[in-house]
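Every chain is numbered from 1 and lettered A, B, ... according to where its sequence line falls, protein lines coming before strand lines.
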Number of protein chains: 2
Amino acid sequence: MKLKELAERLGLSQTTVSRALNGYPEVNEATRERVNKAALKFGYSANANARRLAMGRVGAIGIVVPIHSSERFGPHTSEFLSGLAERVSRDEIDFLITPLINNDEISAYRRLISSKRVDAMIVSHPSLVDERVAMLAEAQFPFVLHGRTNIDTPHAWLDIDNKGAFYQATSHLLDLGHKHIAMIDGLKGFTFSEHREEGYRNALNERGISIDPNFIVHDCFSDEIGFRETQRFLSLKPHPTAILAGSMMTALGVSRAIRARGYQLGKEVSIIAHDDVFPYLNASNMVPAMTTTRSSIRAAGTRIAEMLVRLLDGEPPETIHEVWPVELILRQSSGPPVIPAK
Amino acid sequence: MKLKELAERLGLSQTTVSRALNGYPEVNEATRERVNKAALKFGYSANANARRLAMGRVGAIGIVVPIHSSERFGPHTSEFLSGLAERVSRDEIDFLITPLINNDEISAYRRLISSKRVDAMIVSHPSLVDERVAMLAEAQFPFVLHGRTNIDTPHAWLDIDNKGAFYQATSHLLDLGHKHIAMIDGLKGFTFSEHREEGYRNALNERGISIDPNFIVHDCFSDEIGFRETQRFLSLKPHPTAILAGSMMTALGVSRAIRARGYQLGKEVSIIAHDDVFPYLNASNMVPAMTTTRSSIRAAGTRIAEMLVRLLDGEPPETIHEVWPVELILRQSSGPPVIPAK
DNA sequence: CCCTTTACCCAAAGCGCTTTGGATTTGTAT
DNA sequence: ATACAAATCCAAAGCGCTTTGGGTAAAGGG
């Protein structure tokens with residue numbers, strides 16, 4: 001069923017039918033009603049490609065997801081996308097996921113632009129100087145960045161205060177009396193990892209505590225890494241009495257390793273994890289309940305969708321940016337250091 | 001940069017340029033070379049909408065993801081999509097995610113069909129009699145089902161042997177001497193949940209062990225549910241000495257609850273979990289290593305993508321279906337029941 | 001040297017929609 | 001009744017690509 005047929009059946013012109021369906025004012029309400037009914041009855045809905053070709057707008061936003069590298073399509077991404085979807089679907093926008101195979105990100109983004117399949121994009125996991133952002137901003141293609149990068153060209157972005165979060169967490173541990181604090185951070189190069197390390201370092205420096213490079217790990221977020229690195233930490237002398245974990249997955253592994261060593265969480269070794277708020281992995285339900293720096297990645301997705309809509313409505317990118325504070329939630333996995341009874 | 005411009009610059013007709021780019025034989029190799037170079041140089045890439053409008057093929061496959069209900073966009077979905085992406089991107093197909101808000105799935109699928117935004121679809125989480133499948137099969141729209149359903153109309157599908165998996169796991173526990181075995185299954189109504197329950201029941205019936213309805217739970221897969229339900233299980237008399245967990249998330253909660261009670265995994269209470277193989281949550285790394293029924297959901301995604309390609313190449317849907325066996329991997333979380341020293 | 005193939009290239013007709021620029025009808029004030 | 005504006009509706013021109021149905025020049029066969 002195409003527009004032409006529908007118009008013929010109704011004894012109207014294509015113009016009128018199109019206008020009726022798209023809510024233009026120059027059509028009688030009664031006619032509009034009739035058209036809508038007929039469309040529903042015959043199951044008509046405009047051919048999206050024709051529509052897009054004619055309008056130049058697509059009704060989709062693009063996301064490039066690396067599927068092999070470390071920042072692959074994992075639980076963070078899916079939570080984020082859920083948040084996005086929640087908002088974006090209100091406007092009948094859907095999103096297009098372009099898997100990235102060979103790691104040539106730039107050209108993937110370029111192709112997405114020039115093929116006109118999306119109206120805007122979202123870019124995640126920026127590095128300190130992100131060439132994708134540079135390219136997109138340069139090309140004046142609408143996008144919003146999830147995270148931050150040091151690119152001058154104005155662009156829209158939303159980030160959480162990673163530095164503040166880890167500064168706060170580290171400071172709290174120092175307040176509790178910890179002197180040896182380790183950190184399992186994200187991969188080197190990503191802004192969020194760097195910011196977290198900065199917060200961590202600042203807190204330690206402020207108290208005049210020297211930084212032991214053995215206490216800092218940069219890797220992916222996984223249970224396995226958490227476990228392995230914590231084992232390593234605990235074999236050092238002196239070993240850390242507190243560990244910052246970059247994600248809840250990591251925290252699981254860290255906890256296991258601490259327990260495996262015969263230590264109690266929040267006693268011999270404390271742990272503070274960054275919690276992106278996964279519905280299926282709740283920090284407060286753990287035993288002991290886990291102290292976290294919390295910021296919902298899902299909520300960030302929703303907000304970014306909103307920013308995207310504003311951007312597409314013509315708001316200039318330089319006015320669109322936000323830093324979200326991260327809350328430190330004290331629970332039982334952090335406490336003053338307890339000397340192991342040995 | 002559009003086709004016309006490129007053609008003018010090259011002193012060729014649009015036809016020839018188009019043919020050169022799309023690999024048609026009736027163009028001189030030298031010319032093709034020249035065209036390709038120019039396209040690259042000017043950053044030309046066909047307007048996807050125009051192309052699709054002209055060709056009738058879209059180059060995208062659709063997925064409807066519910067974002068509020070229980071089968072929401074969680075870690076299972078993202079792993080599955082990763083697998084899909086891996087295969088599908090080879091053919092420059094990308095996928096379109098349509099978030100489902102009001103739970104009117106059927107109409108979401110219908111809209112996706114009639115708007116011609118996708119060439120095919122993937123439907124997941126079927127119920128025993130799935131109306132989406134009925135509708136799509138009826139409409140002759142290409143799709144492949146991840147799971148199984150009792151719909152007569154021929155359609156392509158891939159499923160794992162959930163029944164066999166749980167039959168095997170339950171039988172193994174029975175062999176070890178367990179008499180009270182509980183199960184935390186997925187939500188009622190979904191085929192996979194029903195199949196799992198069937199496998200579980202069959203194994204028990206075969207040994208003449210009566211089934212205690214208190215030992216069967218249907219709910220979402222989350223750490224929290226696992227914890228809560230296991231606490232409940234352990235407060236029953238007699239309580240289960242073994243628990244089947246529907247997912248690794250659930251298993252985390254179950255383990256916690258067992259430990260919180262002062263029991264050891266694989267001793268007082270055994271646990272077998274179904275493992276969809278999450279890269280960030282590895283059963284063999286747990287302490288104790290977890291016995292699992294394992295089947296990679298990511299691999300399933302990849303395979304389904306392949307099926308999709310075959311389908312689009314004209315292979316009839318009724319010839320396309322597979323059941324994957326599930327392997328039972330014995331590790332330390334399952335063992336003969338140990339009477340609690342009390 | 002003429003005629004038939006190939007090989008290569010082109011003009012123009014869609015694909016199904018939106019939108020411009022008018023045409024027609026109706027309503028209202030003169 | 002006449003004029004003018006407002007309310008409706010329409011025919012046709014794109015949007016940028018693919019593809020059909022020829023053309024023309026070079027190559028091969030008699």
Using whole Å, report how far NZ of Lys116(A) lies from P of dC17(C). 21 Å
In whole angstrom, what separates Asn47(B)'s CG from dG14(D)'s C1'? 14 Å
Enter the distance from Ile320(B):CD1 to Leu311(B):CG here, rounded to the nearest 0.5 Å. 4.5 Å
Per the under-4.0 Å heavy-atom filter, residues of residues 4-28 of chain B near DNA chain C come out as Gly11(B), Leu12(B), Ser13(B), Thr15(B), Thr16(B), Arg19(B), Glu26(B), Val27(B), Asn28(B)
Step-by-step side-chain hydrogen bond (donor to acceptor under 3.5 Å, both in side chains) determination, Arg57(A) to Asn49(B): CA-CA 10 Å; Arg57(A) 245 219 197 190; Asn49(B) 297 314; over 6 Å; no
When every non-hydrogen atom of Glu79(B) is compared with those of Phe73(A), the smallest separation belongs to OE2-O, 4.4 Å
Scanning both residues in full, the closest heavy-atom pair of Ile93(B) with Val88(B) reads O-CG1, 3.0 Å
Please work out whether the ring planes of Phe192(B) and His125(B) are parallel, tilted or perpendicular, with thresholds of 30° and 60°. perpendicular
Of the candidate nucleotides dT19(D), dC17(C), dG14(C), which contains the atom at the shortest distance from the side chain of Met55(B)? dT19(D)
Check the distance between dG14(D)'s C1' and Arg51(A)'s CZ and give it to me in whole angstrom. 17 Å
Nearest-Å distance for atom pair CG/P, residues Leu53(B) and dC17(D): 12 Å
I'd like to check the side chain to side chain donor-acceptor pair (under 3.5 Å) partners of Arg19(A); sequence neighbours left out, ordered by chain and number. none
Gap between atoms CZ and P, on Arg117(A) and dC15(D) respectively (whole Å): 22 Å
How close or far is atom C1' of dG16(C) from atom CZ of Arg57(B), stated in whole angstroms? 20 Å
With a cut-off of less than 4.0 Å, is there a side-chain N or O of Tyr44(A) near OP1 or OP2 of dC17(C)? yes
Spacing between Arg52(A) atom CZ and dT18(C) atom P, to the nearest angstrom: 12 Å
Bend angle of the helix from dC1(C)-dG30(D) to dT30(C)-dA1(D), end axes from five pairs each (to 10°): 50°
Taking the six-membered ring for Trp, are Phe278(B) and His76(B) parallel (under 30°), tilted (30 to 60°) or perpendicular (over 60°)? perpendicular
Taken to the nearest whole Å, CZ/Arg32(A) to P/dC9(D) is 10 Å
Please confirm whether the backbone N or O of Tyr24(A) pairs with a side-chain atom of Arg32(A), one donor and one acceptor, at under 3.5 Å? yes
Does the pair Ser18(B) and Thr15(B) meet the rule for a side-chain hydrogen bond (donor to acceptor under 3.5 Å, both in side chains), with working shown? CA-CA 5 Å; Ser18(B) 168; Thr15(B) 311; over 6 Å; no
Which comes earlier along DNA chain C counting from the 5' end, the contact point of Ala50(B) or that of Thr31(B), where each point is its nearest nucleotide? Thr31(B)
